[in-house]
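Below you'll find the structure, written out as structure tokens, and then a few comments.
Remember, predicted model here, so these are calculated numbers, not experimental data. To find a chain, count down the sequence lines: A is the first, B the second, and so on, and within it residues start at 1. Below, each value reflects all heavy atoms present in this structure, side chains not excepted, and no hydrogens, waters or symmetry copies.
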There are 2 protein chains.
Amino acid sequence: MTPRTREQFQAMRVRTREKILDRSLVLFANKGFHGTSIQMIAEAAGISKGLIYSHFKSKDDLLEAIIRQGFEIMERETAGSADPDPAAYLANLIEDYYRMLLKHETFWQLYMGLMFQPGIVLRYKEVMMEYYERMVSEYARIFRALGVKNANLEARLLGAIFDGIAINYFFDRERFPLKRMKKILLRRYLPDR
Amino acid sequence: MTPRTREQFQAMRVRTREKILDRSLVLFANKGFHGTSIQMIAEAAGISKGLIYSHFKSKDDLLEAIIRQGFEIMERETAGSADPDPAAYLANLIEDYYRMLLKHETFWQLYMGLMFQPGIVLRYKEVMMEYYERMVSEYARIFRALGVKNANLEARLLGAIFDGIAINYFFDRERFPLKRMKKILLRRYLPDR
DNA sequence: GTCTATAATATGATAGAC
DNA sequence: GTCTATCATATTATAGAC
């Protein structure tokens, strides 16, 4: 038996950490932060309770790591959608939203669920707000460029529409007409295409 | 000292029950079902833990009572909005939504928060779905009467818009322009008024 | 790097006194 | 009708063996 190299140990550690993050994301999203115990996470990840604490110093710390990672991924994957043509840019952003919603469904569900728990969200409110405001101000810029009246208000409405679509989709995945809803949105906001 | 009459005892009991319902609604809405302990509810209501169990047989039972009561109130207070003129009816429903959102803010917050926790919501999904579908099918009827294309889809979109507005309002009550948003909605859906 | 055992505390729920 | 005391269990987190 060859002894494991330092790299192999590190790779193990990374894999364990990712497993914890991955499984607790699913549990937090579906059962809520307080509805999920460390025990449940350990079982879902196929490891011991103790090992979780060698990666994260507390349950809160674990949640924070999940949120930070989620936003990082989201931002990385939506970079490069800007377009000098405002209509094209808006179309990209609508596509982005749908792509992210479907690709990172679980994180999205966790994120929105947390919004309804002021007690928990307080610590993360700033990072969430920052992400949200950045999106809305992009929408507003586009609407202004397109000559829309009340651009700021319309931008907030578009943000709200996205959120509402997500809620309804999560509540009843099978029946909510996600695809057709996108068509309606594109037709409403970009009638000339 | 006159001994208390049976009526006085019953009045006390009713008041206690209402206090429990009232305070636990606020706590469940703000901290989540699992984030709220019976201890916290007892403290908030200024009574003992034990007394809660003389009114509700379990924490789950308490949540169910809150939900049922909430929907009953909502339905009672939105009855009688129907109007033979579809445009007037739609205007009424938009007004209804806003009135209910503001008047029963806490219940609304609890209700939407629960939507993101499949584990909890499962037991109440039917009653929630029923309420929601009834509203959406009313919207659809109106849109058909107004000659709108894709009436069903447009109805679902309106429902989603309402939900999205609620989310955004809850997340940042001070800054979200609730009133101006209503104006935009009324203008968009009822441009002739 | 991972596990088992355990500490310290909090929780949902009940029994019995007043 | 209400409260206090208590039970049984579950929870977060840590210590120490392998």
Side-chain angles (χ1 to χ4, degrees), chain A residues 1-25 27-28 30-67 117 119-120 123, chain B residues 1-28 30-67 114 117 119-120 123:
Chain A
M1 272 272 243
T2 353
R4 286 189 229 262
T5 65
R6 194 198 305 244
E7 285 73 23
Q8 282 176 314
F9 270 118
Q10 194 155 359
M12 269 173 83
R13 196 172 163 75
V14 168
R15 232 177 326 130
T16 302
R17 191 188 143 91
E18 277 170 359
K19 196 114 188 157
I20 296 171
L21 284 169
D22 182 61
R23 299 312 166 94
S24 53
L25 167 60
L27 285 165
F28 286 159
N30 283 290
K31 297 179 179 303
F33 179 70
H34 287 116
T36 302
S37 70
I38 298 289
Q39 174 70 36
M40 289 159 80
I41 296 170
E43 274 167 24
I47 58 171
S48 70
K49 271 199 295 183
L51 187 50
I52 291 176
Y53 287 93
S54 101
H55 286 268
F56 303 95
K57 75 177 212 300
S58 69
K59 202 183 164 187
D60 281 278
D61 190 47
L62 174 53
L63 177 61
E64 187 166 337
I66 290 174
I67 292 176
Q117 297 195 34
I120 297 178
R123 288 178 54 190
Chain B
M1 271 274 241
T2 355
R4 287 190 227 261
T5 64
R6 195 201 304 243
E7 286 73 24
Q8 282 176 313
F9 270 118
Q10 193 156 3
M12 272 172 80
R13 195 173 162 77
V14 169
R15 234 181 320 134
T16 302
R17 191 189 144 91
E18 277 170 0
K19 197 115 187 158
I20 297 171
L21 284 169
D22 183 62
R23 300 310 164 96
S24 54
L25 167 60
V26 173
L27 285 164
F28 286 159
N30 283 289
K31 298 180 180 298
F33 179 71
H34 287 116
T36 302
S37 70
I38 297 287
Q39 175 70 34
M40 290 159 80
I41 296 170
E43 274 167 25
I47 57 170
S48 70
K49 269 199 299 180
L51 188 49
I52 290 176
Y53 287 94
S54 103
H55 286 268
F56 303 94
K57 73 177 215 297
S58 69
K59 202 183 166 188
D60 281 278
D61 190 46
L62 175 53
L63 176 60
E64 186 166 337
I66 290 173
I67 292 175
L114 288 178
Q117 296 195 34
I120 298 179
R123 288 177 53 189

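Rounded to whole angstrom, the span from the CD1 atom of A:I52 across to the P atom of D:dT14 amounts to 13 Å. The interatomic distance linking A:D60 (CG) with D:dA13 (C1') rounds to 13 Å, in whole Å. In this structure, A:K59 places its NZ atom 15 Å from P of D:dA10, rounding to the nearest Å. Whole-Å rounding puts the A:K57 NZ to D:dT14 P distance at 10 Å. Taking atom CZ on B:F28 and atom C1' on C:dG12, their separation rounds to 12 Å, with Å as the unit. Protein atom CE of B:M12 is 8 Å distant from nucleotide atom C1' of D:dT2, rounded to whole Å. A:L62 has its CG atom 11 Å from the P atom of D:dT12, to the nearest Å.
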Polar-atom pairs under 3.5 Å, protein N or O versus N or O of nucleotides 16-18 of chain D: list them with distances, or write none.
none

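Residue A:K49 has its side chain nearest to D:dT12 when only D:dT12, D:dG1, C:dG1 are considered. In the set D:dT12, C:dA13, C:dG1, the nucleotide with an atom closest to the side chain of A:F9 is C:dG1. You'll find that the side chain of A:L51 is closest to C:dC3, out of D:dC3, D:dT6, C:dC3. Each of D:dA13, C:dA13, D:dG1 was ranked by its minimum atom distance to the side chain of A:S58; first place goes to D:dA13.
Atoms CD1 and OG, from B:I38 and B:S58 in turn, are 8.0 Å apart once rounded to the nearest 0.5 Å. Interatomic distance, CD1 of B:I20 versus CD1 of B:I66, reported as 10.0 Å (0.5 Å rounding).
Taking the side chain as every heavy atom from C-beta outward, B:R13 and B:S54 approach each other to under 4.5 Å. Residues A:F56 and A:E64 have side chains not in contact (no heavy-atom distance under 4.5 Å, counting atoms from C-beta outward). Side-chain contact between A:V14 and A:E18 is present, with at least one heavy-atom pair separated by less than 4.5 Å. A:I47 has its side chain out of reach of A:I41: every pair of non-hydrogen atoms, C-beta onward, lies at least 4.5 Å apart.
Side-chain atoms of B:N30 come within 3.5 Å of backbone N or O of B:V26 as a donor-acceptor pair.
In terms of phosphate contacts, A:Y53 brings a side-chain nitrogen or oxygen within less than 4.0 Å of OP1 or OP2 of D:dA13.
Test A:Q8, A:R15, A:Q10 against A:M12 for side chain to side chain contact (heavy atoms under 4.5 Å, CB included) and you get one pass: A:R15.
Within residues 15-23 of chain B, no residue places a heavy atom under 4.0 Å from DNA chain C. Scanning residues 37-48 of chain A for heavy-atom distances under 4.0 Å to DNA chain C yields A:I47, A:S48.
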(request) Kindly determine whether B:L63 and B:K59 satisfy side-chain contact (heavy atoms from CB on, under 4.5 Å), including the steps that lead there. (result) CA-CA 6 Å; B:L63 176 60; B:K59 202 183 166 188; over 6 Å; no
(message) Could you go through B:H55 and B:L51, starting from their C-alpha distance and side-chain angles, then the distance that decides it, and tell me whether this counts as side-chain contact (heavy atoms from CB on, under 4.5 Å)?
(response) CA-CA 7 Å; B:H55 286 268; B:L51 188 49; 4.2 Å; yes
(request) Could you check B:L114 against B:F28 for side-chain contact (heavy atoms from CB on, under 4.5 Å), going step by step and ending with a plain yes or no? (result) CA-CA 10 Å; B:L114 288 178; B:F28 286 159; over 6 Å; no
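Within a 6.0 Å sphere centred on CD of B:Q39, other residues, nucleotides and ligands contribute more than 12 heavy atoms.
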